[in-house]
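Predicted, not measured: the structure shown is a model, and the values here were computed from it.
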Amino acid sequence: MDEDFLAPSSPVVRSADVAIAQIETPYTDRGEVSVLDVAARAADPDELAAFADAGFNVATLAGNHVFDQGHPGIRDTLDALHRCGIVTTGSGMSITEARRPALIERKGVRFGIVAYNTVGPRESWAGADKPGAAYVRVLTHYELDVAVPGGRPKTYTFCDPEDLEAMAGQLDDIRADCDVVVACFHKGTIGAPAVPLFYERQVTHCAIDAGADVVFSHHAHMLGPIEIYRSKPIFHGLGNYVTATRLFSHGGVGGDDHIRFIERVTREYGVELDPSMPSYPFDRRSRNALIAKCTVQGGEVEAGFVPCYIDEQARPVPTGRSELGERVVEFVAGLNSTAGFPAQFTWRGDEIVLA
């Protein structure tokens with residue numbers, strides 16, 4: 001990861017006691033493609049030092065691409081992060097290791113962070129002796145409510161009850177030993193902003209009910225609404241941060257299979273690409289970005305965010321309280337309105353506080 005991508009936002013990250021980043025793809029120089037889906041290319045493990053230099057001290061690794069480069073991809077990514085002093089969770093060389101929380105203490109406050117994947121190929125899941133991600137299985141059911149051949153079915157999604165129970169038990173255990181508990185989920189649907197599916201509400205509410213103080217989510221490459229549930233914040237989609245890639249671009253390194261993949265995603269999900277940014281093959285609206293910021297004191301959580309915008313170099317840049325910043329906040333407020341999540345967005349300096 002080129003540290004230039006992180007430079008504009010690193011002062012915000014460094015100001016946090018605990019700063020969490022989701023590492024989306026494997027970093028290895030000896031990986032091999034290990035999934036049937038379109039695989040993420042391996043990146044140089046030495047590039048992960050840029051995250052530590054930018055101020056991140058926790059990395060979550062539960063995601064659909066974590067096993068794309070097989071055993072070496074996970075081993076080398078973990079080793080590189082640990083060499084940088086970054087603690088990890090959500091992935092490991094076994095399911096036991098993948099479920100192990102990241103534990104970190106700052107100013108006498110003990111933090112416990114866990115991460116689970118809910119999307120992507122089964123190959124990404126960890127097993128008793130297989131590297132991969134911690135996961136919560138999601139069941140999908142299609143019901144043709146109107147008896148019209150070829151009609152569009154209604155989609156129902158549910159979390160596996162056993163996985164929910166196991167996750168809740170883990171969070172309850174962490175709650176007993178930590179002052180602040182954070183749950184992170186790789187979830188959602190690629191493409192345009194949408195109301196969270198039933199399983200997304202189910203798994204995030206379960207996490208809060210089991211003791212999490214805050215929930216962060218990612219995967220859709222688009223911001224999602226922010227829900228306040230039992231006075232605790234749920235960020236249903238953190239969108240993009242540093243996601244520069246030419247993998248899916250015409251003339252890029254991905255090849256024809258990757259080009260066909262991004263063209264299919266563009267068509268099926270209504271993604272509007274910006275041809276002027278070949279290193280950023282994502283929906284134009286995904287340039288609205290944020291850095292989630294939560295303050296926990298006396299058991300109370302104050303949720304907010306730093307508005308950002310992805311610039312022409314594919315860098316997340318804090319906007320401050322500017323015309324551009326107001327547009328980013330308006331975008332998030334619109335997502336909340338569509339999802340039916342009441343929230344008041346108030347400026348405090350260059351940041352937003354939710355009420």
Side-chain angles (χ1 to χ4, degrees), residues 16-23 56-63 66 78 81-82 85-118 125-128 132-138 159-187 199-218 226-236 238 292-304 354:
D17 293 313
V18 176
I20 306 170
Q22 162 70 5
I23 304 299
F56 290 102
N57 43 36
V58 178
T60 62
L61 294 164
V66 69
L78 290 168
L81 288 165
H82 296 163
I86 296 177
V87 294
T88 61
T89 187
S91 181
M93 304 308 290
S94 68
I95 188 62
T96 299
E97 186 177 332
R99 289 174 176 163
R100 189 175 299 152
L103 302 174
I104 186 170
E105 185 171 332
R106 288 292 186 271
K107 299 177 181 178
V109 178
R110 295 166 298 176
F111 294 82
I113 302 102
V114 295
Y116 288 88
N117 180 35
T118 71
W125 297 354
Y135 59 89
V136 171
R137 289 170 289 186
V138 177
C159 294
D160 182 277
E162 292 183 359
D163 288 355
L164 279 185
E165 183 178 358
M167 181 193 73
Q170 182 190 25
L171 288 169
D172 185 60
D173 290 342
I174 298 170
R175 177 82 272 171
D177 296 324
C178 294
D179 303 300
V180 179
V181 178
V182 179
C184 303
F185 296 102
H186 211 60
K187 69 173 186 64
Y199 88 88
E200 298 180 67
R201 301 284 296 276
Q202 186 183 26
V203 73
T204 55
H205 288 188
C206 178
I208 298 292
D209 292 341
D213 294 292
V214 59
V215 172
F216 299 121
S217 311
H218 29 68
I226 305 169
E227 180 183 8
I228 304 298
Y229 172 71
R230 297 183 60 180
S231 301
K232 304 294 177 64
I234 299 172
F235 290 79
H236 277 286
L238 294 180
K293 182 174 181 179
C294 294
T295 302
V296 183
Q297 188 169 9
E300 299 295 322
V301 182
E302 181 183 76
L354 272 68

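- Side-chain contact between Val66 and Asn117 is absent, with no heavy atoms from C-beta onward closer than 4.5 Å.
- For the atom pair Phe185 CZ and Cys206 SG, the distance stands at 7.5 Å (nearest 0.5 Å).
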Review point. Going through the distances and angles, do Val301 and Thr295 end up as a side-chain contact (heavy atoms from CB on, under 4.5 Å)?
Key: CA-CA 6 Å; Val301 182; Thr295 302; over 6 Å; no
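- Residues Val58 and Val18 meet the side-chain proximity criterion, which asks for heavy atoms closer than 4.5 Å.
- Evaluation of the side chain to side chain donor-acceptor pair (under 3.5 Å) rule for Glu165 yields no partner, not counting sequence neighbours.
- One distance of note links CD1 of Ile23 with CG of Leu81; it measures 5.5 Å at 0.5 Å rounding.
- No donor-acceptor distance shorter than 3.5 angstrom exists from the side chain of Asp17 to the backbone of Arg106, with no hydrogens or angles considered.
- Side-chain contact between Ile234 and Ile226 is absent, with no heavy atoms from C-beta onward closer than 4.5 Å.
- Here the closest non-hydrogen pair linking Ala133 and Gly63 is CB-N, 4.0 Å.
- For the pair Val203 and Cys159, the tightest heavy-atom approach, listed with the atom from each and the gap, is CB-SG, 3.7 Å.
- When only modelled atom types and interatomic distance are considered, Lys187 and His236 share a side-chain donor-acceptor pair under 3.5 Å.
- Between His186 and Thr60, every side-chain heavy-atom pair lies at or beyond the 4.5 Å cut-off.
- Between the side chain of Asp179 and the main chain of Val109, no donor-acceptor pair closer than 3.5 Å is present.
- Judged by distance alone, the side chains of His82 and Thr88 do bring a donor and an acceptor atom under 3.5 Å apart.
- Ionic pairing of Arg110 and Asp177 is not present here: no N-O contact between side-chain nitrogen and carboxylate oxygen is shorter than 4.0 angstrom.
- Counting only N and O atoms by type, the side chains of Asp209 and Tyr229 include a donor and acceptor under 3.5 Å apart.
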Practice item. Quick one: do Lys232 and Val214 satisfy side-chain contact (heavy atoms from CB on, under 4.5 Å)? Show the steps, please. Key: CA-CA 6 Å; Lys232 304 294 177 64; Val214 59; over 6 Å; no
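- Taking the ring centroids of Phe235 and Phe216, they lie under the 6.0 Å cut-off.
- Contact of the Glu105 side chain with the Phe111 side chain is not registered, since no non-hydrogen atoms from C-beta on lie closer than 4.5 Å.
- Residues Val215 and Ser217 have side chains in contact (heavy-atom distance under 4.5 Å, counting atoms from C-beta outward).
- In this structure, the separation between CD1 on Ile86 and CD1 on Ile20 is 12.0 Å, given to the nearest 0.5 Å.
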Exercise answer: donor-acceptor pairs, residues 93-104 side-chain atoms, under 3.5 Å, sequence neighbours excluded:
residue: Ser94; atom: OG; partner: Glu97; partner atom: N; Å: 3.3
residue: Glu97; atom: OE1; partner: Met93; partner atom: N; Å: 3.4

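- In terms of heavy atoms, Gln22 sits closest to Leu61 at OE1-N, 3.8 Å.
- By the 4.0 Å N-to-carboxylate-O rule, Glu227 lies close enough to Arg201 to be salt-bridged with it.
- Nearest heavy-atom pair, Cys184 versus Ile113, reported as atom, atom and distance to 0.1 Å: SG-CG2, 4.1 Å.
- Ionic pairing of Asp160 and Arg137 is present here: one or more N-O contacts between side-chain nitrogen and carboxylate oxygen are shorter than 4.0 angstrom.
- For Asp173, the side chain to side chain donor-acceptor pair (under 3.5 Å) test picks out no residue, with sequence neighbours left out.
- Considering OG1 of Thr118 and OH of Tyr135, their distance stands at 13.0 Å, rounded to 0.5 Å.
- Between Glu300 and Val296 there is no side-chain heavy-atom pair separated by less than 4.5 Å.
- Judged by distance alone, the side chain of Ser91 and the main-chain N or O of Gly132 form a donor-acceptor pair under 3.5 Å.
- Of all the heavy atoms in Pro233 and Asp213, the pair that sits closest is CD-O, 3.5 Å.
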